Amino acid sequence: MRLTQITHHDLDGYGAATLVAAYAEPARIVHVPRYGDVGPVVDDELKRLGKTKAAEMVLITDLGIEEPTIAFLRRFAAMNRKRDAEAPHRLVVLDHHTSSIDQMRRQGLEPKADAENPRLSRFDLGDPSVTVLVDEGSSATKMVETHRALFATREADPARAEDLALLAACVDALDLWRKDDPRFPGGFALDEIFWDNVGTLVPVGHPAHDPFVARLLLDATARLRAGATPAELERAVPAIRGAIVDDLMRDEPGDDPALTTRQRMARALARSDALFHALSDGTLLSFALDAGTFQRVSDLVMASGRAKRLVNVQRAGTLSFRSIDGTALDGARLFRGGGHQDAAGGKLTSGTAFSLVDAVAQVEPVLNPPKSAAADSPFAALKNWKG
């Protein structure tokens with residue numbers, strides 16, 4: 001069964017994704033930075049699932065259940081009632097926010113206490129294919145470990161078992177702010193490593209992004225398990241990161257190990273089809289690239305002749321344009337921005353973007369407004385003609 005995971009863009013959300021990937025093989029992982037962005041994400045997912053014949057599973061972790069999500073839960077169950085009884089979609093929600101229980105109650109959904117865990121609440125949506133669990137005493141990462149039978153298709157690699165268990169324990173200690181837990185300092189160190197590296201080398205949405213972050217977290221956790229202090233771990237991160245890039249670039253044509261990790265990754269990203277979406281005017285759009293990496297990638301792409309203009313959209317809604325034909329500023333001006341002829345920036349009207357697809361949907365119609373039907377008329381040329 002095809003698995004899509006929708007999870008939070010923080011250490012707990014990525015910890016949950018790391019453990020899910022150890023027990024299953026997600027086809028897609030969607031990281032949502034703000035709870036306010038959950039509504040559009042799940043709406044898109046519901047539309048997609050409504051068109052698929054084969055049964056799929058959606059796993060939502062660490063996103064806080066609010067009104068848009070509750071509406072999605074009910075619409076998901078309603079959609080399932082219309083499907084073939086032999087092929088219902090499955091939905092699993094693993095959350096740990098107390099406010100989620102409050103929101104569910106406001107919508108008439110009462111929690112059912114678990115007999116073995118008094119802090120675990122279950123919610124009945126009237127569909128056996130929908131499982132909603134809220135555990136106030138656990139992080140989402142720990143919940144994934146505890147409830148993996150709901151989605152697992154394999155056993156974890158035995159060589160990683162201890163690292164996975166320690167990662168879950170460290171994230172649990174940090175996320176629930178258990179300062180007296182001996183794993184808390186390690187969780188704090190992992191959190192700093194996560195934020196320093198989650199967006200610097202491999203952007204969100206690229207096929208290598210989640211494997212890169214997952215391995216970084218697990219390799220860092222292995223150092224903690226071996227007795228490294230947070231300070232020692234911090235100093236070891238460049239070597240850990242370098243080793244991961246070595247493996248990623250092993251079969252990459254033209255790789256130069258003498259370059260920095262960022263320069264090496266930029267070369268690979270510049271050749272990547274998965275990184276870009278070509279807009280109708282030939283501009284290449286990327287999403288969530290680190291500013292320094294975008295500069296290097298855009299230079300390489302334009303030098304290769306692949307495009308004359310690129311634009312990178314950040315989650316916060318900022319846009320960076322680069323060009324070799326003086327059109328970067330033209331693009332930025334359309335988004336209330338400015339700068340130089342070949343290096344400029346602007347801001348999305350909506351204020352944020354949550355994915356490459358969302359960024360394309362917001363940028364394309366502004367850069368390349370659709371022609372009106374009147375403009376295509378054979379009489380359009382005569383509109384302002386005076387005889």
Side-chain angles (χ1 to χ4, degrees), residues 3-22 24-34 37 41 44-45 59-63 140-141 144 167 171 190-221 237 240-252 255 261-277 284-294 296-298 301 310 312-316 320 352-360:
L3 171 63
T4 295
Q5 183 180 7
I6 304 174
T7 193
H8 198 196
H9 185 82
D10 67 354
L11 178 63
D12 193 19
Y14 274 81
T18 299
L19 264 74
V20 167
E25 193 167 343
R28 292 169 56 238
I29 303 177
V30 182
H31 296 280
V32 184
R34 305 184 314 168
D37 293 327
V41 172
D44 287 348
E45 196 63 22
L59 173 61
I60 299 177
T61 51
D62 193 38
L63 278 176
T141 304
V144 165
L167 174 64
V171 174
L190 290 174
D191 191 53
E192 292 182 353
I193 292 168
F194 167 77
W195 287 114
D196 285 346
N197 292 276
V198 67
T200 53
L201 292 179
V202 187
V204 175
H206 190 276
H209 174 77
D210 284 283
F212 172 82
V213 177
R215 181 171 164 186
L216 180 68
L217 291 175
L218 286 173
D219 285 1
T221 301
V237 167
I240 294 173
R241 192 173 54 223
I244 297 172
V245 172
D246 282 342
D247 286 345
L248 283 174
M249 305 297 288
R250 196 171 304 283
D251 299 319
E252 187 69 26
D255 177 44
T261 53
R262 188 192 292 268
Q263 289 171 332
R264 293 171 70 192
M265 286 303 302
R267 286 187 170 194
L269 292 171
R271 292 191 291 268
S272 171
D273 291 329
L275 179 66
F276 302 105
H277 179 94
L284 293 184
L285 183 148
S286 60
F287 177 69
L289 267 179
D290 166 81
T293 301
F294 176 61
R296 288 159 179 77
V297 169
S298 60
V301 169
L310 291 88
N312 182 60
V313 181
Q314 295 287 8
R315 288 179 174 276
S320 296
T352 61
F354 58 81
S355 68
L356 176 64
V357 173
D358 181 38
V360 170

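Because only heavy atoms are used, hydrogens play no part in the values below, and waters and symmetry mates are left out as well, while side chains stay in. Residue numbers count from 1 along this sequence. Fair warning: this is a prediction, and the values are worked out from it, not measured in the lab.
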*asked:* Against Trp195, only a single residue in Asn197, Val198, Ile193 fulfils side chain to side chain contact (heavy atoms under 4.5 Å, CB included); can you say which?
replied: Val198

_Strictly distance-based, threshold 3.5 Å: is any side-chain N or O of Thr141 a donor or acceptor partner for the main-chain N or O of Asp12?_
yes

*Is the closest side-chain donor-acceptor distance between Thr352 and Arg315 under 3.5 Å?*
no

*If only atom types and distance count, is the side chain of Arg267 paired as donor or acceptor with the main-chain N or O of Gln263 below 3.5 Å?*
no

*Is the backbone N or O of Phe354 less than 3.5 Å from a side-chain atom of Asp37, with the two atoms forming a donor-acceptor pair by type?*
no

_Between His206 and Ser272, do the side chains contain a donor N or O and an acceptor N or O under 3.5 Å apart?_
yes

*Within the distance-only criterion (no hydrogens, no angle test), does the side chain of His209 pair as donor or acceptor with the backbone N or O of Val202 below 3.5 angstrom?*
yes

*Minimum-distance pair of heavy atoms, taken over all atoms of Phe276 and Ala270*: CE1-O, 4.1 Å

_What I want to check is whether the side chains of Thr7 and Asp62 have a donor and an acceptor closer together than 3.5 Å._
no

_Trace of the side-chain contact (heavy atoms from CB on, under 4.5 Å) decision for Phe287 with Gln314_ = CA-CA 6 Å; Phe287 177 69; Gln314 295 287 8; over 6 Å; no

*Does a donor on one side chain and an acceptor on the other come within less than 3.5 Å for Asp290 and Thr200?*
no

_Cationic N near anionic O, under 4.0 Å, Arg215 to Asp247_ = yes

*Give me the ring orientation class for His31 and Tyr14: parallel if the planes are under 30° apart, tilted from 30 to 60°, perpendicular past 60°.*
parallel

